[in-house]
Amino acid sequence: MDTVGNEDRSRSLLGRFVLGTVALGVATVGYAAGVERRRWTLRTAELPVLTAGAPPLRILHISDLHMLPGQESKQRWVAALDRLEPDLVVNTGDNLAHPRAVPSVLRALGPLLQRPGVFVFGSNDYYAPKPKNPARYLMPKGRKKRIHGRRLPWRDLRAALIEYGWLDLTHVRRTLTIGEERVFAAGVDDPHLRRDRYSDISGRAPTGPVLRLGLTHSPEPRVLDPFAADGYDLVLAGHTHGGQLRVPGLGALVTNCEIDRSRARGVSRWGADMWLHVSAGLGTSPYAPVRFACPPEATLLTLLPRGARVPKQRRRAARRRAPSDVR
């Protein structure tokens, strides 16, 4: 028996397997870092949440820009979303990733700032990102140590958005007039930093407006539950990045909050009467610039009267071609 020959063939096969595995890993990381994180994607969904007889309402949901000053491709793509002609723009935070990024965020929002808009902030509006061990996201929440970067100029961003006419919904309740219809909206500060004070906005939402809308950066159940109890129709959130790295057929591995993995991205029901939309967002931390099976996204939500028949596939925030092929 040629034992030496068999051993040589086994080592050769093992070597090829190892080299193939390494090559696949390098290719995957290269795609996740160099291609997918810039594959700007528009999602669309239809939700039956308005009062009976109300005309459709189009909401553009933008979240988690994590903007750096030089990200011109992202800025052009977001600005081009104005061609969708949304009735209302909702920004659920984490706009900044650099102390000098405020002008870049304003360039990205550009023409959208001329439309009605509302916002709340997230942790990466207040503090810059820092390098972190990726394994910490797999640790139980109670064993994680909060790591803050340097303070970011969130007050400058807030002042600019308000000057353009957008409303800061942090711990306030407001009734907006969109076209000829009234929308009631309220929001909380970022639950991820435990800055939320739902008690400031607690109480039954009024039934007169066509929509009762809630905003939060991180979709924590301790915030979603009282929104549902107070009669809100729809809550918009971000923060999760959709998991950022998703396994085809399995979905998000982590959410970085207490929401379950199945709700890390897109539309779902929360309780019997409230809908939830979680945006996978448009950016990443500069220290983890990868996405896999989870491209950066904004979402156009078309809201319809309750009782309208919406096929299930049109409630799933399906991917659509953007309004322009901006890169």
Side-chain angles (χ1 to χ4, degrees), residues 43-54 56-61 63 87-88 90-93 118-120 122 169-176 178 181-192 196-240 242 255 257-280 299-317:
R43 291 184 178 271
T44 63
E46 297 179 2
L47 293 176
V49 297
L50 304 180
T51 58
L57 179 68
R58 289 154 56 88
I59 291 181
L60 178 63
H61 184 189
S63 195
D87 300 303
L88 177 67
V90 174
N91 182 314
T92 49
V118 294
F119 65 94
V120 293
L169 289 181
T170 304
H171 298 144
V172 297
R173 295 156 56 106
R174 292 286 185 270
T175 299
L176 323 174
I178 308 297
E181 305 297 335
R182 291 187 304 137
V183 171
F184 179 80
V188 295
D189 209 345
D190 187 11
H192 184 63
D196 54 298
R197 300 193 309 271
Y198 190 88
S199 59
D200 288 1
I201 60 169
S202 63
R204 193 73 181 172
T207 58
V210 297
L211 173 69
R212 294 163 294 183
L213 177 67
L215 271 63
T216 178
H217 175 64
S218 180
E220 298 289 353
R222 71 171 187 275
V223 171
L224 299 178
D225 287 342
F227 269 126
D230 281 342
Y232 285 79
D233 304 302
L234 172 65
V235 170
L236 302 185
H239 177 70
T240 65
T255 64
C257 64
E258 293 300 305
I259 200 170
D260 53 283
R261 294 186 299 107
S262 66
R263 303 174 194 267
R265 180 181 72 184
V267 171
S268 62
R269 298 298 295 264
W270 192 271
D273 301 312
M274 192 177 82
W275 290 87
L276 170 67
H277 178 260
V278 178
S279 172
T299 307
L300 183 68
L301 298 169
T302 300
L303 308 185
L304 303 172
R306 284 189 290 272
R309 299 191 62 181
V310 180
K312 189 173 183 180
Q313 63 270 22
R314 282 159 55 188
R315 299 197 304 258
R316 288 182 174 172

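Residue indices begin at 1 and follow the sequence shown. The figures here come from the full heavy-atom set of this structure, side chains too, leaving out hydrogens, waters and symmetry mates.
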- Task: Show your working on side-chain contact (heavy atoms from CB on, under 4.5 Å) between Thr44 and Thr299 and close with a plain yes or no.
- Result: CA-CA 6 Å; Thr44 63; Thr299 307; over 6 Å; no
Do the non-hydrogen side-chain atoms of [X] and [Y] ever get within less than 4.5 Å of each other?
{"X": "Leu304", "Y": "Pro56", "result": "yes"}
{"X": "Leu236", "Y": "Leu213", "result": "yes"}
{"X": "Leu224", "Y": "Val235", "result": "yes"}
{"X": "Leu301", "Y": "His277", "result": "yes"}

- Task: Examine the side chains of Ser63 and Ser279 and answer whether a donor and an acceptor come within less than 3.5 Å of each other.
- Result: no
- Query: Would Asp230 and Tyr198 count as having a side-chain donor-acceptor pair, cut-off 3.5 Å?
  - Reply: yes
- Message: Going by side chain to side chain donor-acceptor pair (under 3.5 Å), name the pairs with one or both residues in residues 206-218, residues two or more places apart or in two chains.
- Response: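 Sorted result for residues 206-218: Asp94-His217, Arg212-Asp233, His217-His239, Ser218-Glu220.
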- Task: Verify, without hydrogens or angle tests, whether Arg306 (side chain) and Pro48 (backbone) share a donor-acceptor contact under 3.5 angstrom.
- Result: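 Side chain of Arg306 to backbone of Pro48, a donor-acceptor pair under 3.5 Å: no, none is there.
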- Query: Any sub-3.5 Å donor-acceptor pair from Asp87's side-chain atoms to Arg58's backbone N or O?
  - Reply: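 Flag set: sc Asp87 to bb Arg58 pair under 3.5 Å.
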Heavy-atom pair with the smallest gap, counting every atom of [X] and [Y]:
{"X": "Pro221", "Y": "Pro226", "answer": "O-CD, 4.2 Å"}
{"X": "Arg173", "Y": "Arg204", "answer": "NH2-O, 3.4 Å"}
{"X": "Val120", "Y": "Gly187", "answer": "CG1-CA, 4.2 Å"}

Approximate separation, where rounding is to 0.5 Å, of [X] [atom1] and [Y] [atom2]:
{"X": "Arg261", "Y": "Thr255", "atom1": "CZ", "atom2": "OG1", "answer": "9.0 Å"}
{"X": "Leu47", "Y": "Leu303", "atom1": "CG", "atom2": "CG", "answer": "6.0 Å"}
{"X": "Thr92", "Y": "Leu169", "atom1": "OG1", "atom2": "CG", "answer": "11.5 Å"}
{"X": "Thr302", "Y": "Ile59", "atom1": "OG1", "atom2": "CD1", "answer": "9.5 Å"}
{"X": "Arg174", "Y": "Phe184", "atom1": "CZ", "atom2": "CZ", "answer": "9.5 Å"}

- Assign the ring pair Phe227 / Tyr232 to parallel, tilted or perpendicular, where the plane angle (0 to 90°) is split at 30° and 60°. perpendicular
- Query: For Leu176 and Val118, what are the C-alpha separation, side-chain angles and deciding distance, and is it a side-chain contact (heavy atoms from CB on, under 4.5 Å)?
  - Reply: CA-CA 10 Å; Leu176 323 174; Val118 294; 3.7 Å; yes
- Query: Going through the checks in order, is the side-chain contact (heavy atoms from CB on, under 4.5 Å) test met by Leu57 and Ile178?
  - Reply: CA-CA 9 Å; Leu57 179 68; Ile178 308 297; 3.7 Å; yes
- Please determine if Asp196 and Arg222 form a salt bridge, counting it only when a charged side-chain N lies under 4.0 Å from a carboxylate O. yes
Distance-only criterion, 3.5 Å: show the donor-acceptor pairs between side-chain atoms of residues 262-275 and protein atoms not counting sequence neighbours.
residue	atom	partner	partner atom	Å
Ser262	OG	Asp260	OD2	2.4
Arg263	NE	Asp260	OD1	3.0
Arg263	NH1	Ser268	OG	3.3
Arg263	NH1	Arg269	O	2.4
Arg269	NH2	Ala272	O	2.6
Trp270	NE1	Asp225	OD1	2.8

- Verdict with reasoning, Val188 to Arg197, per side-chain contact (heavy atoms from CB on, under 4.5 Å): CA-CA 7 Å; Val188 295; Arg197 300 193 309 271; over 6 Å; no
